[in-house]
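Reading through the structure tokens given below for one structure.
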Amino acid sequence: MKRSFTLLFVLALLCIVHHTCLANDGYNLWLQYRPLQNAEHLSTYQKQVQFITLPGQSATSEIIQEELHLALGKMLGTSPEFSNSPDPETTLIIGTRGQLPDLSARVAEETWSNLDAEGFIIQSIQYNGENTLWITGNTDQALLYGTFDFLKLLQTHQDISSLDIISIPKTKIRVLNHWDNPDRTVERGYAGASIWDWHRLPDYIKPQYIDYARANASIGINGTVLTNVNANAQVLTPYFLKKVAALADTFRPYGIKVYLTARFSAPIETGGLDTADPLNPDVQKWWNKKVNEIYDYIPDFGGFLVKADSEGQPGPQNYGLTQAEGANMLAKALQPHQGIVMWRAFVYNNETPDDRAKQAYNEFKPLDGEFEDNVLVQVKNGAIDFQPREPFHPLFGAMPKTPLMMEFQITQEYLGQGTHLVFLGSLFEEVLGTDTYAKGPGSTVAKVVDGSLDNHSLSGMAGVSNIGTDRNWTGHQFGQANWYAFGKLAWNPDEDASTIAQEWLRMTFGNDEELVTKGKRIMLQSHEAAVNYMTPLGLHHIMGWSHHYGPGPWVTDKHRDDWTSTYYHQAGPDGIGFDRTASGSNALSQYAPEIQQQYGDLNTCPEKYLLWFHHLPWDYKMKSGNALWNEIALHYQKGVDQTQSMLADWESIKNHVDDQRYDQVLTFLQIQHNEAIWWKDACLLYFQQFSQKPLPEGVPQPEFPLDHFQNYKPLFVPGI
Ligand code: GCV
């Protein structure tokens, strides 16, 4: 009896020292605050965080204190009040400009003005003869951002002995777009139900709402659109506004504003009018009154996000009017309250006899300069729809007089949804870093989006959220990295994906070098891997019908051509690919001449976009010397191989990851590998009917015939 007790005790002790035994469900995201006992700079941390001055009484400053309390307590075991050590080597002071006038006098006036309301400084200085580390800014909100950044330095084991950081967000509006419906289903959501428990609001504030705000604030997100762009007019009624107000009150101290989607036909559906014509005075009056009512509930309401004239949503086209006329009516109603309109450019129609990729540009480009000052046109990263890879949307750079906001999709509708590990930092970085040539070389998409190219003070980035009620928030553990990467790139669109992946790994899983190296390798190849096994060389929109999960290159003859696969890949005996050059739809003409020239010429078109812009014969000779058919097949195989090596890398770092998260990721990687084979086999067998060529060496024969794949119909795929 005594011996078994001792054994149990020893085992328990071993478990405690070996962190992998500890259950970790991922709920704490990147805010894990692991003990720092092995950190290289530990003694510096201990010396530097001994003493903290934190003036300020606002709710935000209380949050800062709580966060420091929690983080330093967990990381350093420091007591809540950061006990006044008799002889601290460095004093950490956190305070706004107004709270610390003599310290603040050391910072140039211009810097204070550049910091604006959100930028912060973290600096090591000498003050009153003492080493001092101070975190400052113009507002408590800035201090909160600075505090999270400081804690990131500790979590990622950085040297903090000599810091000189000035960080200012490059975009103003950094929002999540929730495609959440009032019944708690989430369109294209793969992490459970909507986190907004509308039924129990406004009385019950789930602790998850506070954790949501905290997580967003920690990565600089400052707004949230609570409701689906496929909008329900009910969310603008007092019944819902009370609930929205409760969420707004919860988020406010974290610097997060709430926004709602406005259904264009709301005046008819909930207002009793018989029209929603934006030029009708009764309709205008209705919106003005509605907006005033919203601000009575939520004094700092952010504004509206609108999907109009797209996929069945009503809009100004219903009244023969332009997108600007529709947007401006709402913008004028919001102006007295400093609210904004985010008007989506995702406008296309199957009745329009033109390449879908051209339609948004055709609709919006002529309206440049016609939008009210408080309108941002929100443009998806590519011209079709969040495909695994798309060239940048031609509207970026084409509307210099209008602030264009980037819309990325964090939820992985076309990228393996909640099951595949695909780090989107790489996709976001690729798009933002691309040159539009709008004002000559160097006119990157990032510069359009942050407003610097055309001197817009209003700028923004939206990310379609991947958050749900799953305990780890995002379904896949690595889905958290995409939320994180979005926040970081919205703050600074020039930040690189590799740095983001690395800091996310360190904070989320730990600082072990092997873990970080291999984790980063997994993450940084994952997007390319998915493109390879789904849609290589510029192929697009060949996924399963409606649910968009898995392959479906055979999808054809549906009620809308522009929702079928055959419309996009155009495969036939003569070859494959969508001709968007002058001999085809000429979508290429919507880009700057430099891009037209580069992408139009087969010698210079990046092969990753080849079949997006060109229709080519199966034996077209690629740069590698391979025929196109072989190259396609080898890319599919490469994608499969990459998932295999991602799996092997993950297995090799088992000892550095807690069991719970390790097992989930492992299982999902195994599914991903099997599904990469599914994609490869289904697509190659389908295209082979046209190419009539054998698979090249190195690409194994599929296990099943084509009809096996065509007859397989996944049922009840979530998120539809
Ligand atoms: C919210 C795609 C998705 C739709 C989504 C739409 C949009 O078409 O499949 O679910 O609807 O994009 O962005 O509006």
Side-chain angles (χ1 to χ4, degrees), residues 27-31 56-71 117-118 139-145 147-148 173-182 184 186 189 191-228 234-261 293-305 337 339 462-463 465-471 473-474 480 483 487:
Y27 184 79
N28 288 332
L29 299 158
W30 46 86
L31 301 171
Q57 300 298 328
S58 72
T60 307
S61 86
E62 266 167 41
I63 288 168
I64 297 173
Q65 295 185 50
E66 274 165 28
E67 195 67 31
L68 286 165
H69 177 171
L70 173 81
E118 297 185 308
T139 63
D140 284 350
Q141 185 56 41
L143 301 188
L144 181 62
Y145 290 142
T147 301
F148 276 119
I173 313 287
R174 307 179 296 279
V175 285
L176 290 183
N177 286 185
H178 286 266
W179 286 356
D180 294 22
N181 299 310
R184 299 193 70 182
V186 182
S194 165
I195 61 170
W196 317 131
D197 187 353
W198 293 112
H199 179 63
R200 294 191 177 96
L201 278 164
D203 299 316
Y204 180 55
I205 301 297
K206 275 198 304 184
Q208 199 187 1
Y209 302 151
I210 298 165
D211 294 333
Y212 166 88
R214 169 177 169 249
N216 279 317
S218 77
I219 51 174
I221 289 173
N222 65 3
T224 177
V225 185
L226 300 172
T227 49
N228 193 353
Q234 291 295 333
V235 303
L236 303 178
T237 59
Y239 176 80
F240 268 95
L241 291 176
K242 283 187 198 124
K243 297 166 187 275
V244 174
L247 289 175
D249 291 345
T250 309
F251 301 159
R252 190 168 296 113
Y254 293 88
I256 307 220
K257 277 191 182 184
V258 300
Y259 300 76
L260 290 170
T261 45
E293 184 184 24
I294 295 175
Y295 279 90
D296 284 344
Y297 284 99
I298 310 146
D300 56 353
F301 178 65
F304 293 134
L305 168 65
H337 307 278
S465 161
N466 60 350
I467 296 165
T469 47
D470 276 9
R471 183 66 193 159
W473 299 84
T474 53
Q480 297 178 359
W483 175 10

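Please read all numbers here as calculations on a predicted model, not as lab measurements.
Lys243 forms a cation-pi arrangement with Tyr239, by the criterion of a distance under 6.0 Å to the ring centre and an angle within 45° of the ring axis.
Counting heavy atoms from C-beta on, the side chains of Tyr297 and Val244 never come closer than 4.5 Å.
With hydrogens and angles disregarded, no donor-acceptor distance shorter than 3.5 Å links the side chain of Thr250 to the backbone of Ile210. In this structure, the side chain of Lys206 engages the main chain of Ile195 through a donor-acceptor pair within 3.5 Å. Of the possible donor and acceptor atoms, one in the side chain of Thr139 sits under 3.5 Å from a partner among the backbone N and O of Ala117. Panel note: side chain Thr474, backbone Gln480; a donor-acceptor pair is recorded below 3.5 Å. Under the 3.5 Å distance criterion, the side-chain polar atoms of Asn222 are matched with a main-chain donor or acceptor of Arg174. A donor-acceptor pair under 3.5 Å links the side-chain atoms of Thr227 to the main chain of Thr261, judged by distance alone. Without hydrogens or angle criteria, Ser194 side chain to Val186 main chain gives no donor-acceptor distance under 3.5 Å.
The shortest heavy-atom contact between Tyr295 and Gly339 is OH-CA, 3.3 Å. Scanning all heavy atoms of the two residues, the minimum distance from Asp140 to Ser61 falls at OD2-CB, 4.0 Å. What you find for Ile256 and Ala217 is that their closest heavy atoms are CD1-N, 4.1 Å. Summarising the geometry of Gln208 relative to Gly468, their closest heavy-atom pair is NE2-O, 3.6 Å, with the distance given to 0.1 Å. Shown here for Pro202 and Ile205, the closest heavy-atom pair between the two residues is O-CD1, 3.9 Å. Of all heavy-atom pairs between Pro253 and Thr60, the closest is O-OG1, 2.9 Å.
Applying the side-chain contact (heavy atoms from CB on, under 4.5 Å) test between Trp198 and each of Leu226, Asp180, Val235 identifies Leu226 as the sole match.
Note that CG of Leu143 and CD1 of Ile63 are 12.0 Å apart. Values are rounded to the nearest 0.5 Å. Put simply, CZ on Arg252 and NZ on Lys257 are 10.0 Å apart, with the number rounded to the nearest 0.5 Å. Atom CD of residue Glu67 and atom OG1 of residue Thr147 lie 8.5 Å apart, to the nearest 0.5 angstrom. Here Leu305 contributes atom CG and His178 contributes atom NE2; the two are 12.0 Å apart, rounded to the nearest 0.5 Å. Atom OH of Tyr209 is separated from atom CG of Asp197 by 5.0 Å, given to the nearest 0.5 angstrom.
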With side chain to side chain contact (heavy atoms under 4.5 Å, CB included) as the test, would you mind laying out the steps for Phe240 and Leu260 before giving the verdict? CA-CA 11 Å; Phe240 268 95; Leu260 290 170; over 6 Å; no
Could you go step by step and tell me if Asn216 and Thr224 meet the side chain to side chain contact (heavy atoms under 4.5 Å, CB included) rule? CA-CA 9 Å; Asn216 279 317; Thr224 177; 5.7 Å; no
Given Thr469 and Arg184, is the side chain to side chain contact (heavy atoms under 4.5 Å, CB included) satisfied, shown in steps? CA-CA 10 Å; Thr469 47; Arg184 299 193 70 182; 3.6 Å; yes
Worked check of salt bridge (Lys or Arg N to Asp or Glu O under 4.0 Å) between Glu66 and Arg214: CA-CA 11 Å; Glu66 274 165 28; Arg214 169 177 169 249; over 6 Å; no
Please lay out, stage by stage, how Leu68 and Gln65 fare under the test side chain to side chain contact (heavy atoms under 4.5 Å, CB included). CA-CA 5 Å; Leu68 286 165; Gln65 295 185 50; 5.8 Å; no
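Ring planes of Trp483 and Trp30: perpendicular class, angle over 60° (limits at 30 and 60°). Relative orientation of the Trp196 and Phe251 rings is tilted, given thresholds of 30° and 60° on the angle between their planes. In this pair, Phe301 and Tyr259 present their aromatic rings tilted. The plane angle is within the 30 to 60° band.
Residues Tyr145 and Gln141 bring a donor and an acceptor atom of their side chains to less than 3.5 Å of each other.
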